[in-house]
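Here's the structure we're looking at; comments come further down.
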Amino acid sequence: MSLSIKELIVEADRCVACGLCLPHCPTYRKTGSEADSPRGRIQLMRAVAQDILPNNTRFNEHIDLCLSCRSCESACPNNVNYGALVDTTRALFIHKKSILPALAKPFIRYRHLANIASWLLWLTQQAKLDGLLKKISPAAKLLPPIDKPVTWNSMYPATFQRKGAVSLFLGCAGNALDNQTLKASIYVLNKLGFDVHVPSRQTCCGSIARQMGDTDESSKLVAQNQLSFDQTIPVLTTASGCGAGLNDYLPDHKIQDISAFLMTCDWTTIPIKPLNERIYVQDPCTLRNVQKSHQAVYTLLKKIPGSDIQALPGNSQCCGGAGAYMLTQSDMANSLLDDKLTTIKTNSVAILATSNIGCSLHIANGLREKNITVAVLHPIQIIAKQIGYGV
Ligand code: SF4
Ligand code: SF4
């Protein structure tokens, strides 16, 4: 949600400076600086909005270092809307250095260009030229091995006793880098009796543009999505980063994380094969603090007979893979990632379930670099396999 300057000041005034949010803030825990805490940032944002402090480089640095993980919001007894404060501050005050590169915008906005990019990426990997790509761009090291790009049908009909219809939000990173999860989602939903619509005009959720202070771009993307999705049926997201952005900016639509939606479905007629494995669940901040539906992932995976579902210790702390943050603030992102990798190693994790593509790319890249073998999977991929997907 974006605010006016006046609304920003009113919202910031609701912070009573109790400090209860401080221990929950990953950046404050790392730097120990009040200016990198939610309370400190709120004071800074208000002071800049009131022209008491200058909008200078130091202010920009403290705002840029915020992960937008919104752990502070979950901890705040006064329900201060920190997400709206930081989104507004980024839109109004953060210097243009953070604007998305102009070259990247058409690939984010237009699906056919995004599809061309996916094909080029896939062909590059098939030709084993991705090593070269990694030398050209540091961002390329985050790329996992990708599946052949998919040309989506506009609708996938229910395969068993039709019960309703949903729309599937593809997401730009999800579509390009993890179409396995999207294909598995369609399989599960069809099997549970749902037609799955995949509107072709849908585009990026706009969260990365917003996080980088490019409000014009994020508003265009939101408007395009607004026109693309039917408001009368649920719009399901498989990446909680997208889901959180859509939740905030498309309030007229029924946005839901896919695991939460699946908990409302009738599974009684679906045989689920046992899996005698321990599965650790990583809670993405956007699922936990914004969509507040992380518990659905545990309930969903516990449907698998024989499985032992455990929360990854330290789940309340962000992994650092917060959208473009892992590239723009790599020191902090890697420091937070190191904590996760230590936990993964200490607990001998073999399967890690995560519901956000950003977390998945960041953690999987860290594991690759440290030669730690862990299957990092979306929970839908895990349950889809147990009910026959890909078999
Ligand atoms: S959003 Fe996260 S990083 Fe930013 S102030 Fe709140 S807890 Fe700290
Ligand atoms: S918990 Fe809420 S009221 Fe207390 S300092 Fe943090 S933001 Fe302000």
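For ligands, and for the atoms within them, numbers begin at 1 and follow the listed sequence. Sequential numbering from 1 along the given sequence is applied to the chain's residues.
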inquiry  = Around atom NZ of Lys273, are there more than 12 heavy atoms from other residues, nucleotides or ligands closer than 6.0 Å?
reply    =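 For Lys273, atom NZ is crowded (more than 12 foreign heavy atoms under 6.0 Å).
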
message = Can you tell me if Arg58 has over 12 outside heavy atoms packed within less than 6.0 Å of its CZ?
response =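 At most 12 heavy atoms, drawn from other residues, nucleotides or ligands, come within 6.0 Å of this atom.
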
Measure the distance from [atom] to every protein heavy atom, then report the residue, atom name and distance (to 0.1 Å) of the closest one.
atom: atom 1 (S) of ligand 1; result: Arg70 N, 3.2 Å
atom: atom 3 (S) of ligand 1; result: Leu67 N, 3.4 Å
atom: atom 2 (Fe) of ligand 1; result: Cys69 SG, 2.3 Å

query = Excluding sequence neighbours, so at least two apart, what forms ring-ring contact (aromatic ring centres under 6.0 Å, His included) with Tyr298?
reply =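 ring-ring contact (aromatic ring centres under 6.0 Å, His included) check on Tyr298 returns nothing, list empty.
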
inquiry  = List the residues meeting ring-ring contact (aromatic ring centres under 6.0 Å, His included) with Tyr280, not counting sequence neighbours, and say none if there are none.
reply    =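 Tyr280: no ring-ring contact (aromatic ring centres under 6.0 Å, His included) contacts found.
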
query = In terms of hydrophobic clustering (I, L, V, M, F, W, Y; side-chain heavy atoms under 4.5 Å; direct or indirect links), are Leu65 and Phe93 co-clustered?
reply = no

ask   = Which ligand 1 atoms are under 4.0 Å away from a heavy-atom of Arg41?
value =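 Heavy-atom distances to Arg41 below 4.0 Å select 3 (S), 4 (Fe), 5 (S), 8 (Fe).
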
ask   = Going by the atom numbers of ligand 1, which of them fall below 4.0 Å from some non-hydrogen atom of Cys25?
value =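 So the answer, numbered in order with elements, is 3 (S), 5 (S), 7 (S), 8 (Fe).
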
query = Under 4.0 Å from ligand 1, counting heavy atoms only, is it the side chain of Glu73, its backbone, both or neither?
reply =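 Within the 4.0 Å criterion, Glu73 makes no contact with ligand 1.
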
ask   = Could Lys30 and Asp339 be called an ion pair, given the rule that one side-chain N must be under 4.0 Å from one carboxylate O?
value = yes

request  = Determine, for Asp147 against Lys183, whether the closest basic-nitrogen to carboxylate-oxygen distance falls under 4.0 angstrom.
outcome  = yes

query = Is the distance between atom 4 (Fe) of ligand 1 and the nearest N/O/S atom of Cys66 smaller than 2.8 Å?
reply = yes

query = Is the backbone N or O of Leu287 less than 3.5 Å from a side-chain atom of Asn356, with the two atoms forming a donor-acceptor pair by type?
reply =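 It does not hold such a pair.
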
task = Could you tell me whether Arg210 sits above the aromatic face of Tyr249, with NZ or CZ closer than 6.0 angstrom to the six-membered ring centre and within 45 degrees of the axis?
result = yes

key: Per-atom contacts of ligand 2 with Pro77, taking only distances under 4.0 Å to non-hydrogen atoms   =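 Matching atoms, with element in brackets: 1 (S).
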
Results of side-chain contact (heavy atoms from CB on, under 4.5 Å) for Ala75 - residues two or more places apart only =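 So Ala75 forms a side-chain contact (heavy atoms from CB on, under 4.5 Å) with His24.
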
inquiry  = So, with waters excluded, how many protein N/O/S atoms does atom 6 (Fe) of ligand 2 have closer than 2.8 Å?
reply    = 1

